[in-house]
Visitor: 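Handing you a structure now.
Quick note: numbers below take in every heavy atom, side chains included, and nothing from hydrogens, waters or symmetry partners. We count ligands from 1, going down the list as the structure has it; atoms in each ligand are counted the same way.
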Amino acid sequence: MKKGFLALCLAGLAAFSVACGADVNEGGSTSTDGEDDKVIVMGTSADYFPYEFVDTANGDEIVGFDIDIAKKVAENMGYELKIEDMDFGSLLGALNAGRVDFVMAGMTPTEERKENADFSDIYFTAVNLILSKDDSLQSLEDLKGKKIGVQLGSIQEGIAQDQITDAEIVSLNKIPEIIQEIKTGRIDAMVIEDTVAKKYLEQDSELTTFEIVDEEEAGSAAAFRKDDELRDQFNEELKKMIDSGEIEELAQKWFEEEAAPAE
Ligand code: ARG
């Protein structure tokens with residue numbers, strides 16, 4: 001299985017930055033509000049262990065791989081990081097409404113999303129799997145006519161729509177909800193990232209999985225408003241963390257695996 005960290009990825013051309021982004025930032029986020037107000041607001045969807053999740057054992061703090069990266073980058077950029085938790089499908093809307101300054105949520109920079117946001121370099125990649133309770137489901141063909149759970153607004157929703165014939169796609173807001181629906185048998189299977197599926201597979205021997213053949217790797221990147229120079233500053237700090245091996249260390253901490261691609 002190919003997964004891991006992409007050492008360097010060209011996140012498109014940071015070609016030109018139109019100087020008109022400053023006043024979109026009115027809805028409560030504060031990154032451009034002046035010298036001494038150095039708070040930066042990140043939107044996330046904390047249902048995605050180990051990228052971002054609520055640590056119930058520790059005062060319901062939101063923690064994870066993305067959070068560690070965001071904290072470090074924000075610190076190095078001279079900001080205090082504030083986190084806004086919301087449904088995954090609301091993140092880019094909140095970004096463009098100015099309610100958050102950037103988004104980190106294991107989000108894949110798709111062409112469609114790039115129409116409404118600028119993305120940082122990719123800092124991690126993974127592949128998608130099918131997760132179910134039913135051993136007889138071994139290929140996408142077997143999913144014909146089944147109920148397939150996906151997260152609303154995710155690329156997994158698109159994969160299910162495009163690649164599974166005649167299935168009933170059930171889009172829900174939170175990953176744990178979909179897992180629950182599979183366990184109770186109301187949904188037959190779900191499309192989920194391998195790194196996120198891992199915990200559920202380990203915890204529950206009832207669950208089983210197969211890989212989607214020929215599936216491209218999906219990368220994660222941070223999202224910014226179009227032409228926001230914050231993206232370039234973020235990329236600079238991200239690159240330092242990549243070059244120093246910090247991202248790799250964090251990948252090992254959270255994913256317990258080699259950050260560099262195995263092949
Ligand atoms: N990588 C997928 C996407 O970009 C799923 C991300 C879901 N993230 C989350 N925090 N729930 O669509």
Visitor: Determine, using ring centers only, whether F224 and F119 are less than 6.0 Å apart.
Guide: no
Visitor: What I want to find out is whether E246 reaches K72 closely enough, with some N-O distance under 4.0 Å, to be called a salt bridge.
Guide: yes
Visitor: What pairs with E216 under side-chain contact (heavy atoms from CB on, under 4.5 Å), at least two apart in sequence or on another chain?
Guide: none
Visitor: Apart from I155 itself, which Ile, Leu, Val, Met, Phe, Trp or Tyr residues share its cluster (side-chain heavy atoms under 4.5 Å, direct or through members)?
Guide: none
Visitor: With sequence neighbours left out, what residues match F210 under side-chain contact (heavy atoms from CB on, under 4.5 Å)?
Guide: I130, L137, L140, L143
Visitor: Listing by chain and number, which residues have a heavy atom under 4.0 Å from ligand 1?
Guide: S45, D47, Y48, E52, F88, A105, G106, M107, T108, R113, Q151, S154, I155, Q156, E193
Visitor: Would you call D243-K239 a salt bridge at under 4.0 Å N-O?
Guide: yes
